[in-house]
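Right, one structure below, let's go through it.
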Amino acid sequence: MLNPQPDLTPHDPVTPGDRDRPVLIACDGEPASPESLFNAARLAAHAFGGGIEVVGVCLPTPAVTTGMELMPPPNGYDEERQATMRENITRALSVSAHGDRHWPVRVRCGTPPRELAEEAAARSASLLVMGIGRHNPLDRLFGTETTLSTMRESPVPVLAVSAQFPAAPRRAVTGMDFSPASVHAAHLALQLLDAGGHLTLVHVRPKFEHPTADWQEWDTEYGKTLPPLFEQLLERLHAPSTITVDTVTVRGDPAPALIAYAQQVSADLIAIGSQAHSLVERLMVGSVATRILRTAQCAVLAV
């Protein structure tokens, strides 16, 4: 659906004053997919400017119940675990082809989504890079998908990548409802693409199985608003001549339709503007961003 008040004000989401803002990598030092994380961070730092910093988060050790007493963990135990994580991260940076042992590393203790979001805000990060996250049904039921929860908490864009994230992304798809968030997502996706890349702005129109005459009339008028909006947006994206930008309109439910199109064109990246939702909506319905992150076969950028 269209945003009720499209905001196509021309702006560069990464201004000269933003060039000192770091790209943050969420990493625990484990061997799962660090290369793709470090590579994605390098691409973003090159595109947006600024340095690269790494942050890890240790979950606090819970107290243990013994009989009628609650026994806390030994003094300094969590600090030792943080030190071990820092060593693991530093080692991963040292042995990685894309890492750099000189990148600053911070390790915090707490709930990962909140700690990562707070660190991103404190560092005024331009982007937070994470693994795509797990897709276990129990994770979804209990809300422990760290990447998804971080996207909901983070005040900065989050790029979730898998081990298959390419060294130089060439095909990106942006879900476009003309909201400020989706326009920002298009800008960022454009900047992450390699020279010779291709960005498609995809708008998903509603589809009804048994349309009435009134709905058909409304749908016709709806369709007339799209070409000028796309034209304005293309003018203000200021895409370099080395990158192709085109527009597509499809029908259906936003998340499945966008994922289907991304798979059809073998996209390396899906960029979306994530809108705020109430807790009830998250639990009972789920946002478009949630459904895309859980089912996408490529990297996801949520703004």
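Owing to the predicted nature of the structure, the values given are computational and were not obtained by experimental measurement. Counting begins at 1 with the first residue of the sequence.
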Which heavy atom in [X] sits nearest to a heavy atom in [Y], and how many Å separate them?
X: I270; Y: A296; value: CD1-CB, 4.2 Å
X: A267; Y: V173; value: CB-CG2, 3.9 Å
X: F165; Y: S36; value: CB-CB, 4.1 Å
X: W215; Y: R251; value: CH2-NH1, 3.8 Å
X: Q263; Y: Q297; value: NE2-CG, 3.6 Å
X: P155; Y: A117; value: CD-O, 3.6 Å

Side chain to side chain donor-acceptor pair (under 3.5 Å) against [X], all qualifying residues, sequence neighbours excluded:
X: N88; result: R91
X: T200; result: R171, D246
X: D194; result: none

Note, [X] side chain near [Y] side chain (heavy atom, < 4.5 Å):
X: L237; Y: H187; value: yes
X: P34; Y: S96; value: no
X: L201; Y: L234; value: yes
X: L24; Y: E119; value: yes
X: V57; Y: V107; value: no
X: P112; Y: L59; value: yes
X: P169; Y: L43; value: yes
X: I243; Y: L190; value: yes

Euclidean distance, [Y] [atom2] relative to [X] [atom1], rounded to 0.5 Å:
X: E118; Y: E115; atom1: CD; atom2: CD; value: 5.5 Å
X: L199; Y: T174; atom1: CG; atom2: OG1; value: 4.5 Å
X: L188; Y: L193; atom1: CG; atom2: CG; value: 11.0 Å
X: Y77; Y: T61; atom1: OH; atom2: OG1; value: 5.0 Å
X: C58; Y: R81; atom1: SG; atom2: CZ; value: 4.5 Å
X: C109; Y: M85; atom1: SG; atom2: CE; value: 9.0 Å

Next on the checklist: Between D253 and K207 (salt bridge meaning N to carboxylate O under 4.0 Å), is one present in this structure?
Outcome noted: no

Heavy-atom donor-acceptor pair, [X] side chain to [Y] backbone, under 3.5 Å:
X: R108; Y: V55; value: no
X: T150; Y: T146; value: yes
X: D28; Y: E30; value: yes
X: H203; Y: M176; value: yes
X: R21; Y: A125; value: yes

Next on the checklist: side chain to side chain contact (heavy atoms under 4.5 Å, CB included), that's the test. Do I292 and I259 meet it? Break it down for me.
Outcome noted: CA-CA 7 Å; I292 288 176; I259 289 172; 4.2 Å; yes

Next on the checklist: Tell me whether I89 shares a hydrophobic cluster with V95, the cluster being built from Ile, Leu, Val, Met, Phe, Trp, Tyr side chains joined at under 4.5 Å.
Outcome noted: no

Checklist entry - Given I25, which of L127, L93, L128, L37 fulfils the side chain to side chain contact (heavy atoms under 4.5 Å, CB included) condition? => result L37

Item to check | Intermediate values then yes/no, side chain to side chain contact (heavy atoms under 4.5 Å, CB included), R42 and D100 | outcome: CA-CA 10 Å; R42 283 188 179 275; D100 187 333; 3.8 Å; yes

Next on the checklist: Would E53 and W103 count as a side chain to side chain contact (heavy atoms under 4.5 Å, CB included) here? Give the steps.
Outcome noted: CA-CA 5 Å; E53 301 180 13; W103 289 342; over 6 Å; no

Checklist entry - Taking it one step at a time, do D268 and R170 satisfy side chain to side chain contact (heavy atoms under 4.5 Å, CB included)? => result CA-CA 7 Å; D268 301 312; R170 296 184 59 84; 4.2 Å; yes

Checklist entry - Under the side-chain hydrogen bond (donor to acceptor under 3.5 Å, both in side chains) criterion, do D177 and S179 qualify, and how do the steps go? => result CA-CA 6 Å; D177 63 0; S179 66; 2.7 Å; yes

Next on the checklist: If you count heavy atoms of other groups shown closer than 6.0 angstrom to CZ of R114, is the number above 12?
Outcome noted: no

